[in-house]
Q: 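Got a structure for you, written out below as structure tokens; questions coming shortly.
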Amino acid sequence: MFAYVEDGKLIKITKHPTHPETGEPLNHSAQGTLRNLGWLPVLVQACEIGEEEARSDDIIYIDGDIVRVIQTVRPLSDEEVFHKIKDNIIAMIEGLESGQSDRAERELLLEVSEHLGLTKSKAYDILKNIDNTIAAKRDLMKS
């Protein structure tokens, strides 16, 4: 990324620099050429966002021959926490509904396989193992 700086002021940040007068793309220009035209490389210092945080305003400043962008975080507001919890609960419900549908499909496939006498097939073994693993995990969660 590059930042266009004019008279010590940041004008814009972009991925693809252009000539300030002609608008011609400068994608393959040398660093020195870009610098002479007012384009400086951008260094982004990323931040880690915790569970109770959200992105905040970036701190942008010109530091010699580069423009630094420091990402910041802020605590979530009560409303944002509410929506995040609500979205998580909805996702859990949808996951459960999907899991129940998958469970019904698995049980139906096992039943059809047994009815057709396909219990010695590799596919049946895999499906049965998956079903047993899920049943064991379900039992662990109950206790």
Q: Heavy-atom count check: over 12 atoms from other residues, nucleotides or ligands less than 6.0 Å from E107 CD?
A: yes

Q: Let me confirm one number: the CZ-NZ distance from R106 to K128, rounded to the nearest 0.5 Å.
A: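 Output value for this atom pair is 10.5 Å.
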
Q: Would you say I60 and I13 make side-chain contact, with heavy atoms under 4.5 Å?
A: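 In short, these two side chains touch, coming nearer than 4.5 Å.
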
Q: Side chains of R55 and Q71: closer than 4.5 Å at any heavy-atom pair?
A: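 Answer yes - side chains close enough.
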
Q: Find the distance between CD (E48) and CD (E53) and round it off to the nearest 0.5 Å.
A: 9.5 Å

Q: Are any of the side-chain heavy atoms of T18 and W39 separated by less than 4.5 Å?
A: yes

Q: Working to the nearest 0.5 angstrom, can you tell me the gap between N36 CG and Q31 CD?
A: 11.0 Å

Q: With the 4.5 Å side-chain cut-off for hydrophobic clustering, are V69 and I59 part of the same group?
A: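 Not linked; separate clusters.
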
Q: Are E111 and H115 side-chain neighbours, meaning at least one heavy-atom pair lies under 4.5 Å?
A: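 With C-beta onward as the side chain, the pair stays apart.
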
Q: Can you find a heavy atom in the side chain of L37 that is under 4.5 Å from one in the side chain of P20?
A: yes

Q: Looking at G64 and L40, what are the two nearest heavy atoms and their distance?
A: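 What the structure gives for the nearest pair is O-CD1, 4.1 Å.
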
Q: I'd like to check the side-chain hydrogen bond (donor to acceptor under 3.5 Å, both in side chains) partners of R35; sequence neighbours left out, ordered by chain and number.
A: none

Q: Roughly how far, to the nearest 0.5 Å, is CG of L109 from CD of E105?
A: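 Between atom CD of E105 and atom CG of L109 there are 7.5 Å.
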
Q: Just how far is it from atom NE2 of H16 to atom CG of N27, taken to the nearest 0.5 Å?
A: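 Result: 6.0 Å between the selected atoms.
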
Q: So, for A3 and V42, which heavy atoms are closest and what is the spacing to 0.1 Å?
A: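 Answer, listing the atom of A3 first, then V42: N-CG2, 3.5 Å.
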
Q: Shared ILVMFWY cluster between L110 and L116, side chains joined below 4.5 angstrom?
A: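 They do not share one cluster, since no chain of ILVMFWY contacts under 4.5 Å joins L110 to L116.
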
Q: Give the intermediate values and the outcome of side chain to side chain contact (heavy atoms under 4.5 Å, CB included) for residues E79 and H83.
A: CA-CA 6 Å; E79 184 176 341; H83 287 291; 3.6 Å; yes

Q: Do V5 and F2 belong together in a cluster built from hydrophobic side chains that touch within less than 4.5 Å?
A: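 No, separate clusters.
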
Q: I need the I49 CD1 to R74 CZ distance, nearest 0.5 Å.
A: 9.5 Å

Q: Strictly distance-based, threshold 3.5 Å: is any side-chain N or O of S113 a donor or acceptor partner for the main-chain N or O of L118?
A: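 Not at all, since once roles are kept as given, no pair shorter than 3.5 Å links the two residues.
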
Q: Tell me, please, which residues at least two apart from E6 pass side-chain hydrogen bond (donor to acceptor under 3.5 Å, both in side chains).
A: Y4

Q: Is there a side-chain contact between V67 and P41, using heavy atoms and a 4.5 Å cut-off?
A: no

Q: When you look at CG of D87, are more than 12 heavy atoms from neighbouring residues, nucleotides or ligands closer to it than 6.0 Å?
A: yes

Q: Indicate if Y61 and I11 have the same hydrophobic cluster label, given that clusters are the connected sets of ILVMFWY residues with side-chain heavy-atom separations under 4.5 angstrom.
A: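 No; tracing contacts between hydrophobic side chains, which count when under 4.5 Å, never links both residues.
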
Q: Do L26 and T33 have side chains that get closer than 4.5 Å, going by heavy atoms?
A: no

